[in-house]
Amino acid sequence: MINREQARFNMVEQQIRPWEVLDMRVLDLLPRVRREQFVPPGAEALAFMELEIPLGHGVSMWQPKMEARALQELHVEPDDKVLEVGTGSGYLTALLSHLAAHVTSVEIEPELSLQAARKLTSHNLENVSVVVGDAANGWGSEQYDVIVLTGSVPMEPKAFLANLKVGGRLFAVVGDEPVMHARLITRTGPETFEHHTLFEINIAPLQNAPQPERFVF
């Protein structure tokens, strides 16, 4: 048996803080939203480790430091509307819901969506809508303050730019293995966007993400 609170403390101090996550709103969330309650059954001991946890269907939970860093970079505010593409375990969804006014989370795999919805309901999170669907090419015409893609895309996710409000932030991992970069795109005006490359990371691809034209000999 592991001491979960000690393991959680070690996760924060040895993985998350060294990755320049110093936002106290984010750090204070980690003891409140218990990561071990969102991992697959039998994997609770892995919840605090610096690794991705497979969920099936080619999907894995992000590393804890990745989840925390993305939250910090997105600067989620209490009145923000959030779109999450790829619900996965529902853990990042839960973290977002504690910071935002409402989270719409879209998952293409019905089994993952159902499992995540049950976990989120058990945590009495009433400001979350979990939807089954394919959002790889955008999601309707509604606009959001925050958009986060939990799977990587090979090129800039232009389909989502119209879904961003002015002042809105989009977090995505862009590129192909072995080189991908986490990027933050901010809509600064009706037709203007700022792009910031944050760090290098490799994660599983977003299912059905648009592909660039590949040169064939």
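Residues Val82 and Asp145 are not in side-chain contact: their nearest non-hydrogen atoms beyond the backbone lie 4.5 Å or more apart. The side-chain heavy atoms of Thr150 and Leu92, taken from C-beta on, include a pair separated by under 4.5 Å. Thr188 has its side chain out of reach of Val166: every pair of non-hydrogen atoms, C-beta onward, lies at least 4.5 Å apart. Within the 4.5 Å cutoff, no side-chain heavy atoms of Glu107 are placed close to those of Val131. Within the 4.5 Å cutoff, side-chain heavy atoms of Leu74 are placed close to those of Leu184. A heavy-atom distance below 4.5 Å is found between the side chains of Ser113 and Val132. Residues Val26 and Val21 meet the side-chain proximity criterion, which asks for heavy atoms closer than 4.5 Å. Using a 4.5 Å cut-off on side-chain heavy atoms (C-beta onward), Leu27 and Val12 make contact.
Counting only residues at least two apart or in different chains, salt bridge (Lys or Arg N to Asp or Glu O under 4.0 Å) contacts with residues 74-103 comprise Asp80-Arg169, Lys81-Glu142. Judged as a salt bridge (Lys or Arg N to Asp or Glu O under 4.0 Å), the pairs with a partner in residues 48-68 (not counting sequence neighbours) are, in order, Arg35-Glu67, Glu50-Lys65.
Nearest heavy-atom pair, Pro64 versus Ala47, reported as atom, atom and distance to 0.1 Å: CG-O, 4.1 Å. Here the shortest heavy-atom pairing between Ala159 and Gly138 reads CB-N, 3.9 Å. Closest approach of Gln15 to Phe48, counting heavy atoms only: NE2-O, 2.7 Å. A pairwise comparison of heavy atoms in Ser97 and Val128 identifies CB-CG2, 3.5 Å as the closest pair.
Put simply, CG on Leu125 and NZ on Lys119 are 13.0 Å apart, with the number rounded to the nearest 0.5 Å. Atoms CD1 and CG, from Ile16 and Asp23 in turn, are 12.0 Å apart once rounded to the nearest 0.5 Å. The CG atom of Leu55 sits 5.5 Å away from the OG atom of Ser89 when rounded to the nearest 0.5 Å. Residue Phe193 holds its CZ atom at 4.5 Å from CG of Leu161, rounded to the nearest 0.5 Å. If you take NZ on Lys158 and CG on Asn137, they are separated by 14.0 Å, rounding to the nearest 0.5 Å. To the nearest 0.5 Å, the span separating CD on Gln143 from CZ on Arg187 amounts to 6.0 Å.
Heavy atoms from other residues, nucleotides or ligands lying under 6.0 Å from CD of Glu126 number 12 at most. Enclosure of atom CZ in Arg25 by more than 12 non-hydrogen atoms of other residues, nucleotides or ligands within 6.0 angstrom is indicated. Glu191 CD: 12 or fewer foreign heavy atoms inside a 6.0 Å radius. Open room surrounds CD on Glu20; 12 or fewer heavy atoms of other groups in view lie less than 6.0 Å from it.
One hydrophobic cluster, built from ILVMFWY side chains closer than 4.5 Å, holds both Leu30 and Val148. Hydrophobic clustering keeps Leu22 apart from Leu95 (ILVMFWY residues linked when any side-chain heavy atoms are closer than 4.5 Å, directly or through intermediates). Two different hydrophobic clusters hold Leu99 and Leu170 under the rule that ILVMFWY side chains link at heavy-atom gaps under 4.5 Å. The hydrophobic clustering, which links ILVMFWY residues whose side-chain heavy atoms are closer than 4.5 Å, places Val59 and Ile53 together. Hydrophobic cluster membership is shared by Val130 and Val76, with clusters built from Ile, Leu, Val, Met, Phe, Trp and Tyr side chains linked at under 4.5 angstrom.
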Review item, side-chain donor-acceptor pairs of residues 201-209, under 3.5 Å, at least two apart:
| from | atom 1 | to | atom 2 | distance (Å) |
| --- | --- | --- | --- | --- |
| Asn202 | ND2 | Pro178 | O | 3.1 |
| Asn208 | ND2 | Asp134 | OD2 | 2.8 |

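Partner Phe199 forms a side chain to side chain contact (heavy atoms under 4.5 Å, CB included) with one of His181, Met180, Met66, Arg183 and no other, that one being Met66.
In this model, a donor atom of one side chain and an acceptor atom of the other lie less than 3.5 Å apart for Gln37 and His123.
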Carefully, step by step, assess Glu156 and His195 under the rule side-chain hydrogen bond (donor to acceptor under 3.5 Å, both in side chains).
CA-CA 10 Å; Glu156 181 182 289; His195 300 252; 3.2 Å; yes
